[in-house]
Amino acid sequence: MRRTLYNEDHEAFRETIRDFIAAEVVPYYDEWREAGAAPRDFYLKLGELGIFGIEVPEEYGGAGETSFKFSAIISEETARAGVSFGASGVHTLLGLPYILAYGSEEQKKRWLPGFISGEMMTALAMTEPGTGSDLAGMKTTAKLSEDGTHYVLNGAKTFITGGVQADRVLVCARTAPATPEDRRGGISILVVDTRSPGYAVGRKLDKLGLKSSDTAELSFTDVKVPVEDLLGEEGKGFSYLTHNLPLERLGIAAGAYAQAKAAVRFATEYVKDRTVFGRTVAEFQNTKFVLADCKTEVDAIEAFVDKAIEAYDAGELSVADAAEVKLFATERAAVVIDKCLQLHGGYGYMNEYPIARLYADTRVTRIYGGTSEVMRSIIAKSMGL
């Protein structure tokens with residue numbers, strides 16, 4: 001069936017991204033994985049290419065695109081090549097929407113030029129040790145100073161992708177204590193300058209996958225954050241986070257689809273070349289049946305993801321819709337990638353093969369952005385259960 005999601009402009013963008021990946025990513029990707037991060041100057045190259053400004057309004061120097069389709073193409077092309085753009089996805093998928101939706105005019109003019117160029121990389125700090133998906137349980141605090149000029153930030157965050165290299169981190173903190181009636185109230189978002197005294201990057205975490213992006217622990221000890229760096233209104237942070245979660249989950253679903261599709265491609269190419277018992281692996285009926293199942297699964301994921309992207313672009317993707325597409329895409333992608341790894345035999349377990357990296361990278365999609373269990377709870381609640 002012909003895919004109708006993209007037009008000629010999208011496909012031209014795809015070719016640009018594919019060429020960029022071949023020239024600027026593939027030759028160096030093993031070095032990035034070894035280092036645990038893409039080099040800082042790579043983000044400047046993404047800025048020059050215009051990647052960070054696609055969804056930024058024209059008055060701030062961006063392209064002004066509102067469609068998610070360009071982000072989806074980047075996911076598809078990086079997965080196709082068996083690489084990633086480091087922590088850049090966090091910058092655009094998690095950092096930008098908050099600034100655009102809740103930043104003041106002064107903040108946008110101050111931050112967006114550096115955001116677009118890659119000179120100011122961002123990260124989002126929500127998760128805390130011991131709280132996981134329970135955002136209402138966060139304990140990091142930001143108390144307003146007596147003279148009202150700044151907040152004093154104290155606490156810790158963990159699993160913060162891009163946290164090592166970020167210049168500004170959107171930190172979720174309690175500006176008022178929770179109450180039994182409203183655990184979610186009192187949370188605000190501060191856009192913290194990482195050069196501030198008292199701001200510290202702790203351990204750079206050793207992850208199972210996504211080795212080319214840094215993930216870190218952060219701590220804040222009496223960090224002074226100017227009131228001018230409060231994003232939106234004080235105490236509205238939880239509602240802001242909830243508002244952006246459908247986009248985040250759509251991004252994860254699109255990435256899972258792209259990884260599953262890439263896995264089928266890698267496995268198909270491998271079984272045609274690999275010879276066992278005097279025959280190519282592709283000649284065995286089991287191989288044909290497994291790959292037929294995998295292609296069918298990928299086509300189903302694609303249909304669901306494409307429908308969700310169209311719904312998002314139309315402003316109609318609900319919280320429950322996003323939970324459904326994330327749950328389906330990530331759970332089924334895991335099955336597909338596992339089967340494709342199995343077809344590689346022992347070589348599928350070796351990191352020199354992209355299928356092994358895909359296997360490790362995709363595991364976290366069922367955890368971050370809300371676990372599969374949380375997605376099921378959201379869906380059940382939408383059903384009145």
Side-chain angles (χ1 to χ4, degrees), residues 1-15 17-18 65-82 89 93 245-269 288-341 343 355 358-359 361-372 374-376 378-380 382-383:
M1 293 175 280
R2 184 171 64 89
R3 194 179 187 193
T4 59
L5 186 66
Y6 301 121
N7 61 28
E8 291 181 359
D9 290 340
H10 297 127
E11 295 304 334
F13 177 75
R14 182 188 302 278
E15 290 302 317
I17 294 298
R18 188 173 294 182
E65 291 288 347
T66 57
S67 173
F68 181 77
K69 295 174 184 177
F70 294 94
S71 293
I73 287 171
I74 293 172
S75 293
E76 291 172 15
E77 289 305 308
T78 51
R80 179 184 180 276
L93 191 63
L245 280 172
L247 173 60
E248 180 181 352
R249 289 165 181 165
L250 175 60
I252 294 169
Y257 156 69
Q259 291 172 322
K261 184 175 182 179
V264 173
R265 174 172 167 261
F266 294 143
T268 301
E269 292 174 352
K288 297 175 182 179
F289 282 8
V290 169
L291 285 174
D293 284 345
C294 288
K295 184 183 185 302
T296 303
E297 291 253 33
V298 169
D299 286 350
I301 301 170
E302 177 183 275
F304 200 171
V305 168
D306 284 3
K307 185 177 180 180
I309 291 173
E310 294 283 23
Y312 176 80
D313 283 2
E316 299 172 355
L317 187 71
S318 70
V319 171
D321 292 337
E324 286 186 42
V325 72
K326 179 184 185 293
L327 177 67
F328 183 79
T330 58
E331 292 286 341
R332 301 322 303 168
V335 172
V336 168
I337 294 169
D338 184 79
K339 289 180 178 180
C340 289
L341 187 150
L343 289 175
I355 191 66
L358 269 183
Y359 184 85
D361 289 351
T362 198
R363 184 60 185 87
V364 75
T365 63
R366 289 177 279 163
I367 299 173
Y368 65 13
T371 64
S372 290
V374 170
M375 297 304 99
R376 293 183 178 103
I378 292 170
I379 296 163
S382 75
M383 298 168 66

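No hydrogens, no waters, no symmetry mates; every other heavy atom, side chains included, goes into these values.
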Please answer whether the main-chain N or O of V290 pairs with a side-chain N or O of K339 as donor and acceptor at a distance below 3.5 Å.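 Not confirmed, K339 side chain does not pair with V290 backbone.
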How close do [X] and [Y] get, heavy atom to heavy atom, and via which atoms?
X: A253; Y: V305; value: O-CG2, 3.9 Å
X: S67; Y: D313; value: OG-OD2, 2.6 Å
X: A329; Y: I301; value: CB-CG2, 3.8 Å

Can you check salt bridge (charged side-chain N to carboxylate O under 4.0 Å, His left out) on R14 and E11, steps first, answer last? CA-CA 5 Å; R14 182 188 302 278; E11 295 304 334; 2.9 Å; yes
Euclidean distance, [Y] [atom2] relative to [X] [atom1], rounded to 0.5 Å:
X: I309; Y: K307; atom1: CD1; atom2: NZ; value: 13.5 Å
X: D338; Y: I355; atom1: CG; atom2: CD1; value: 9.0 Å
X: K295; Y: K261; atom1: NZ; atom2: NZ; value: 9.0 Å
X: I378; Y: L327; atom1: CD1; atom2: CG; value: 10.0 Å

According to the interplanar angle, ranging from 0 to 90°, do the rings of Y312 and F68 count as parallel (below 30°), tilted (30 to 60°) or perpendicular (above 60°)?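 If you compare the ring of Y312 with that of F68, the planes turn out perpendicular.
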Please evaluate residues R80 and E76 with respect to the criterion salt bridge (charged side-chain N to carboxylate O under 4.0 Å, His left out), reporting the C-alpha separation (whole Å), side-chain torsions for both, the decisive distance (0.1 Å), and the verdict. CA-CA 6 Å; R80 179 184 180 276; E76 291 172 15; over 6 Å; no
Does the side chain of E248 reach to within under 4.5 Å of the side chain of Y368, using non-hydrogen atoms?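 In short, these two side chains do not touch, never coming nearer than 4.5 Å.
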Answer whether the closest heavy-atom distance between the side chains of E331 and V335 falls below 4.5 Å.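 No - every pair of side-chain heavy atoms lies 4.5 Å or more apart.
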